[in-house]
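Please read the structure below before turning to the comments.
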Amino acid sequence: MAILPILCYPDPRLHKVAQPVQTVDARIQALVSDMLATMYDAHGIGLAATQIDVHERLVVIDVSEERNEPLVLINPEIVWASPDKHVGDEGCLSVPGIYDGVERAAAVHVRALDAQGQSRTLEAEGLLAVCVQHEMDHLMGKVFVEYLSPLKRNRIKTKMLKQQREAHE
């Protein structure tokens, strides 16, 4: 298992739309292992392949308290979203240190393949529902800050660029 570099906003590669995974094979299973290691190392609860510059529809999530219940979603699609909405503070491994309120469906049902290539339907609510929607946005080339006002988004972009410049000095 390798710890992979995570792209930081406003990297344009974060806006690339992911393609479907064609086959769940050894390459995808190794990628899942690397993504889980990367997510745990970064103290995140979710990671989309887009964030590590792999543009395939693959997401890993673990919202468990003990960080021992990994969830793998390959080619996920939301088949139902509750009409009830909830606004909660979100953060992102690609936008470190930034948290802001985003409105999401309170619950979702997602159909996806698991790490073995088996089709599954996941019923998610609360933090898991938020995380699933957030990570699936990444697969569509969308970062959570795009839900914020243009003013907030520009401030975040400026702050991220400054941090990246200072890290390379």
Side-chain angles (χ1 to χ4, degrees), residues 1-9 11 13-14 16 18-21 23-82 85-147:
M1 291 192 289
I3 306 297
L4 305 169
I6 298 172
L7 299 177
C8 279
Y9 182 80
D11 191 306
R13 294 172 290 181
L14 288 168
K16 196 169 175 184
Q19 299 304 307
V21 171
T23 322
V24 179
D25 54 14
R27 180 186 69 85
I28 292 297
Q29 290 171 337
L31 182 58
V32 164
S33 292
D34 291 348
M35 287 177 62
L36 284 166
T38 301
M39 176 188 73
Y40 290 132
D41 182 70
H43 307 291
I45 60 171
L47 184 69
T50 302
Q51 294 175 271
I52 55 162
D53 202 21
V54 174
H55 302 283
E56 294 181 83
R57 295 185 56 78
L58 170 58
V59 165
V60 297
I61 293 171
D62 190 342
V63 297
S64 70
E65 205 63 40
E66 295 81 28
R67 318 288 292 133
N68 62 355
E69 296 175 29
L71 180 64
V72 176
L73 302 174
I74 299 170
N75 297 335
E77 55 178 313
I78 293 175
V79 293
W80 176 85
S82 74
K85 303 289 186 207
H86 176 264
V87 176
D89 266 2
E90 288 186 29
C92 180
L93 294 176
S94 291
V95 195
I98 303 293
Y99 299 89
D100 213 315
V102 176
E103 184 177 79
R104 302 273 187 193
V108 292
H109 295 179
V110 178
R111 188 171 37 244
L113 301 179
D114 65 16
Q116 286 69 47
Q118 299 300 309
S119 182
R120 302 274 187 247
T121 300
L122 169 72
E123 295 181 9
E125 56 184 33
L127 180 59
L128 181 57
V130 169
C131 192
V132 165
Q133 292 170 83
H134 175 110
E135 299 309 331
M136 286 181 67
D137 275 354
H138 278 300
L139 300 179
M140 297 307 299
K142 190 169 188 174
V143 181
F144 89 97
V145 297
E146 292 169 51
Y147 288 99

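Asn75 places no side-chain N or O within 3.5 Å of a backbone atom of Pro20 that could act as its donor or acceptor partner. Judged purely by atom type and a 3.5 angstrom limit, Glu135 has no side-chain atom pairing as donor or acceptor with the backbone of Val60.
By the salt bridge (Lys or Arg N to Asp or Glu O under 4.0 Å) test, Asp100 is found to be paired with Lys152, residues two or more places apart in sequence or in another chain being considered. For Asp137, the side chain to side chain donor-acceptor pair (under 3.5 Å) criterion is met by Arg104, Tyr147, not counting sequence neighbours. Legend: residues meeting side chain to side chain donor-acceptor pair (under 3.5 Å) with Arg67, ordered by chain and number and at least two apart, are absent. Under the salt bridge (Lys or Arg N to Asp or Glu O under 4.0 Å) criterion, Asp25 pairs with no residue at all, not counting sequence neighbours. Residues that satisfy the salt bridge (Lys or Arg N to Asp or Glu O under 4.0 Å) test with Asp62, not counting sequence neighbours, are absent from this structure. Remark: Ser94 engages Gln51 in a side chain to side chain donor-acceptor pair (under 3.5 Å) (not counting sequence neighbours). Residues satisfying the ring pair (Phe, Tyr, Trp, His ring centres under 6.0 Å) criterion with His134, sequence neighbours excluded, are His138, Phe144. The salt bridge (Lys or Arg N to Asp or Glu O under 4.0 Å) search around Glu146 returns none, not counting sequence neighbours. With sequence neighbours excluded, the residues that form a side chain to side chain donor-acceptor pair (under 3.5 Å) with Asp11 are Arg13. For Ala30, the side-chain contact (heavy atoms from CB on, under 4.5 Å) test picks out no residue, with sequence neighbours left out.
Pairs engaging residues 93-132 under the ring pair (Phe, Tyr, Trp, His ring centres under 6.0 Å) rule: Trp80-His109 [sequence neighbours left out]. For the ring pair (Phe, Tyr, Trp, His ring centres under 6.0 Å) condition, no pair includes a residue of residues 32-52, sequence neighbours left out.
Within 6.0 Å of atom CD in Gln29, more than 12 heavy atoms from other residues, nucleotides or ligands are found, so the atom counts as buried in its surroundings.
Shortest non-hydrogen contact noted between Gly101 and Asp89 is N-OD1, 3.2 Å.
Between Met39 and the options Ile3, Leu47, Ile45, Asp34, a side-chain contact (heavy atoms from CB on, under 4.5 Å) holds for only Leu47.
No side-chain heavy atom of Glu90 sits under 4.5 Å from any side-chain heavy atom of Gln133.
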